[in-house]
Amino acid sequence: MDEEISIPVPLPCDSDGFLRRECPSCEGQFKWLITDDDSSAIPPDQYFCPLCGVAADTNSWFTREQLEFMQSYAAPQIERMIQEAVGDAFGRIDAIEFKTARSLEIDSDTVDALVEPDDMLIAEPPCHPSEPVKVPEERMGVLFCLLCGGLYEV
Ligand SMILES: [Zn+2]
Ligand SMILES: [Zn+2]
């Protein structure tokens with residue numbers, strides 16, 4: 001069974017709609033804007049770190065907290081899927097009691113939701129003003145565009 005199971009994990013944005021990210025190269029943190037209405041745009045296959053300018057795959061930017069959260073959030077759901085799959089296969093055997101109903105109650109409530117503070121300052125690259133980022137105040141100065149890696153000053 002090499003079916004890919006994807007579990008949507010709700011990662012919180014700050015009140016401006018920015019999601020915290022961590023660069024896999026310099027481990028610096030910044031935020032990028034989450035937009036829902038860009039279905040017409042072709043998603044890029046990589047982003048440039050605004051802090052060090054090194055590009056990485058679009059899925060490489062999770063912070064450690066987000067990865068830990070995703071693991072603890074997804075684990076009970078994966079367990080539930082397995083139990084349900086096993087339950088489907090053996091559900092007719094009366095001697096075996098599957099506690100799928102019980103496990104349904106194990107949900108995101110058991111995991112403390114991440115909280116995203118409203119920190120950092122917005123920087124808007126002149127080459128791609130629709131892709132603003134937020135960077136820590138002390139990192140303001142020369143930044144790289146998320147989309148094209150172009151240098152700009154803020
Ligand atoms: Zn970086
Ligand atoms: Zn750009």
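Atoms within a ligand are numbered from 1 in the order they appear, just like the ligands themselves. Throughout, residue positions are numbered sequentially from 1 according to the sequence presented.
Between Y47 and W61, a ring centre-to-centre spacing not shorter than 6.0 Å is recorded.
At the Zn ion (ligand 1), the angle from SG in C23 to SG in C52 is 110° when rounded to 10°. Rounded to the nearest 10 degrees, the angle SG (C49) to the Zn ion (ligand 1) to SG (C26) equals 120°.
Without hydrogens or angle criteria, Q66 side chain to R20 main chain gives a donor-acceptor distance under 3.5 Å.
With respect to the salt-bridge test (charged N to carboxylate O, under 4.0 angstrom), the residues K134 and D16 qualify.
Between the Zn ion (ligand 2) and the N, O or S atoms of H128, the shortest distance is to ND1.
Annotation: E137, atom CD; neighbour count of heavy atoms from other residues, nucleotides and ligands within 6.0 Å does not exceed 12.
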